[in-house]
Amino acid sequence: MKYKEIISSLPRREVSQNFTSFDYYQYKGFWFPLAFLESILFMEQNFKAQPCNIFLCGSLKTGTTWLKSLVFSIMTRHHFDDSTNPILTKLPHDCIPTLEIDCDINFTSLDDTKFPLLGTHLPYTCLPQSIIDSKCKIIYICREPKDTFVSTWHYTKKLEETIPEFKDNPITLEQEIEWFLEGKSLYGPYWDHVSEYLKATSTKPNNTLSYVKKLAEFMGKPFSKEEEDQFVPEKIVATCEFGNLSNLEVNKSGSHNPKPGIKVNNNAFFRKGEIGDWKNLLSEDMAKSIDNITKEKLQSLIWD
């Protein structure tokens, strides 16, 4: 392991003595499992972003699957019609790769014809410097912290169904929320992840249709008047609507293999997509603990 010496010196969050392959390590203030951390260190030294690249960023379970479907549909709308959009037959993560997960793809020599779109869950601090220096475009998505935690919890339960190490060593809700509150969750602290990107942006979110139009303009693919008259933006919103995506056969029965030996059923990426679903899982004290940290960390950065 090339980065063994660096990693061995980092703070470590142990899951269990028999579960070391999924231990987390703290790097630049954030927590990552070993496989992702190796990819991050490699990308830091070797990744060369180009001005044409567009990065879709967001912490785990904040809506990145949905964002990928929207951006892919916007950027490729001149190549496919409504019935041939690959989003209808592929998981969005198979349409737009994720930097630190799909690192076996040759990301070190990107140009405007190969993988101009890339996703990542990396915090702003951990992005390869070439992304910042190249002034390529970054789109960030975030979500209410309690809903983010609950969605992550259910996602973890789905992983337990297909990954033996998780199934044999289930983590309790109490332990998971303790790690979340301490900032030791995957890609956490969640609040620092959000605040770093908020400090680097000045764009205010809006309703979905308006947001899609702004996304297209931001990415250099604005909708023409003819497309507006033909309701192309509305069609993209409808195609990428959560209920539609979750009911596609590929997202109900297919699977995704982000790393060798790890299989994730596609339906793990689509649960409810509802605001406020945290009320069905978290106790009042758990919710208050998350809210208190959110207020402390983000109050000065959250838009009115």
Side-chain angles (χ1 to χ4, degrees), residues 13 24 26 29-33 36 55-70 92-93 98 100-101 119-126 138-160 166 171-201 204-205 208 211 240 242 245-246 258 264 267-303:
R13 193 207 82 178
Y24 288 3
Q26 188 182 43
F30 293 87
W31 292 87
F32 310 97
F36 291 2
F55 286 87
L56 314 182
C57 306
S59 191
L60 196 68
K61 306 310 296 176
T62 56
T64 52
T65 305
W66 173 68
L67 179 61
K68 283 184 174 183
S69 70
L70 279 175
H93 296 295
T98 300
E100 67 275 17
I101 296 175
T120 183
H121 293 305
L122 292 182
Y124 191 81
T125 297
C126 297
I138 295 175
I139 299 170
Y140 185 72
I141 188 170
C142 58
R143 187 181 185 184
E144 202 280 333
K146 297 189 293 296
D147 283 329
T148 298
F149 170 78
V150 168
S151 185
T152 302
W153 166 255
H154 285 290
Y155 178 71
T156 301
K157 297 294 102 179
K158 286 285 188 179
L159 290 181
E160 289 180 358
F166 278 107
I171 299 172
T172 65
L173 175 64
E174 290 72 20
Q175 177 62 83
E176 197 71 68
I177 198 166
E178 179 181 334
W179 283 332
F180 186 77
L181 293 171
E182 292 175 348
K184 294 181 179 180
S185 56
L186 179 56
Y187 297 103
Y190 176 72
W191 298 271
D192 293 349
H193 197 294
V194 174
S195 65
E196 286 191 350
Y197 279 97
L198 287 183
K199 290 174 182 176
T201 185
K204 186 175 181 179
T208 302
Y211 188 45
C240 301
F242 183 86
L245 289 176
S246 60
V264 183
N267 62 18
F269 295 98
F270 302 92
R271 198 176 66 88
K272 290 185 177 181
E274 294 179 357
I275 296 173
D277 185 55
W278 60 266
K279 296 176 183 177
N280 295 317
L281 180 70
L282 301 184
S283 67
E284 185 176 342
D285 288 342
M286 289 175 175
K288 284 183 178 179
S289 296
I290 294 177
D291 286 342
N292 288 338
I293 298 177
T294 301
K295 184 176 181 180
E296 175 190 349
K297 296 282 189 178
L298 300 178
Q299 187 175 35
S300 63
L301 296 171
I302 295 176
W303 296 289

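Treat the numbers as computed from the prediction; the structure is a model and nothing was measured.
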Review point. For the residue pair Leu298 and Ser195, what are the closest heavy atoms and their distance?
Key: CD2-CB, 3.7 Å

Check your understanding: So how far is it from Lys295 NZ to Lys288 NZ, rounded to the nearest 0.5 Å?
Key -> 12.5 Å

Exercise for review: Kindly assign one of parallel, tilted or perpendicular to the pair Phe270 and Phe242, based on the angle between their ring planes and the thresholds 30° and 60°.
Suggested key: tilted

Exercise for review: Mind listing the closest non-hydrogen atom pair of Phe149 and Ile290 along with its distance?
Suggested key: CB-CD1, 4.4 Å

Check your understanding: Do you know the tightest heavy-atom contact between Gly29 and Pro189?
Key -> O-CD, 3.2 Å

Revision key, fill the gap. So CG of Leu70 and OG1 of Thr65: to nearest 0.5 Å the spacing works out to 11.5 Å

Revision key, fill the gap. Side chain to side chain contact (heavy atoms under 4.5 Å, CB included) with Met286: of Leu173, Asp291, Leu281, only one passes, and it is Leu173

**Study point:** Sub-4.5 Å side-chain heavy-atom contact between Glu144 and Val150
**Key:** no

Point to revise | Asp147 side chain vs Ile275 backbone, donor-acceptor pair below 3.5 Å | key: no

Point to revise | Glu196 vs Trp191 side-chain heavy atoms within contact, under 4.5 Å | key: no

**Study point:** Verdict with reasoning, Thr98 to Lys68, per side-chain hydrogen bond (donor to acceptor under 3.5 Å, both in side chains)
**Key:** CA-CA 10 Å; Thr98 300; Lys68 283 184 174 183; 2.7 Å; yes

Practice item. Please determine if Lys146 and Asp277 form a salt bridge, counting it only when a charged side-chain N lies under 4.0 Å from a carboxylate O. Key: no

**Study point:** pair Ile171-Thr156: side-chain heavy atoms closer than 4.5 Å
**Key:** no

Practice item. Work out which heavy atom in His154 is nearest to a heavy atom in Arg271; give both atom names and the distance. Key: CD2-CZ, 3.2 Å

Exercise for review: Report the relative orientation of the aromatic rings in His193 and Tyr140; use parallel for angles under 30°, tilted for 30 to 60°, perpendicular for over 60°.
Suggested key: parallel

Point to revise | Heavy-atom pair of closest approach, residues Ser185 and Phe180 | key: OG-CD1, 3.6 Å

Practice item. Assign the ring pair Tyr187 / Phe32 to parallel, tilted or perpendicular, where the plane angle (0 to 90°) is split at 30° and 60°. Key: perpendicular

Review point. Which atom pair, heavy atoms only, marks the closest approach of Leu60 to Thr148?
Key: O-CG2, 3.6 Å

Review point. If you count the non-hydrogen atoms of other residues, nucleotides and ligands that lie under 6.0 Å from NZ in Lys297, is the total more than 12?
Key: no

**Study point:** Validation row: Thr294, Gln299 side chains within 4.5 angstrom (heavy atoms)
**Key:** no

Practice item. Using side chain to side chain contact (heavy atoms under 4.5 Å, CB included) as the criterion, point out the one residue from Trp179, Phe36, Phe30, Trp31 that pairs with Tyr24. Key: Trp31

Review point. Quick check: does any side chain N or O of Glu100 sit under 3.5 Å from a backbone N or O of His121, one acting as donor and the other as acceptor?
Key: yes

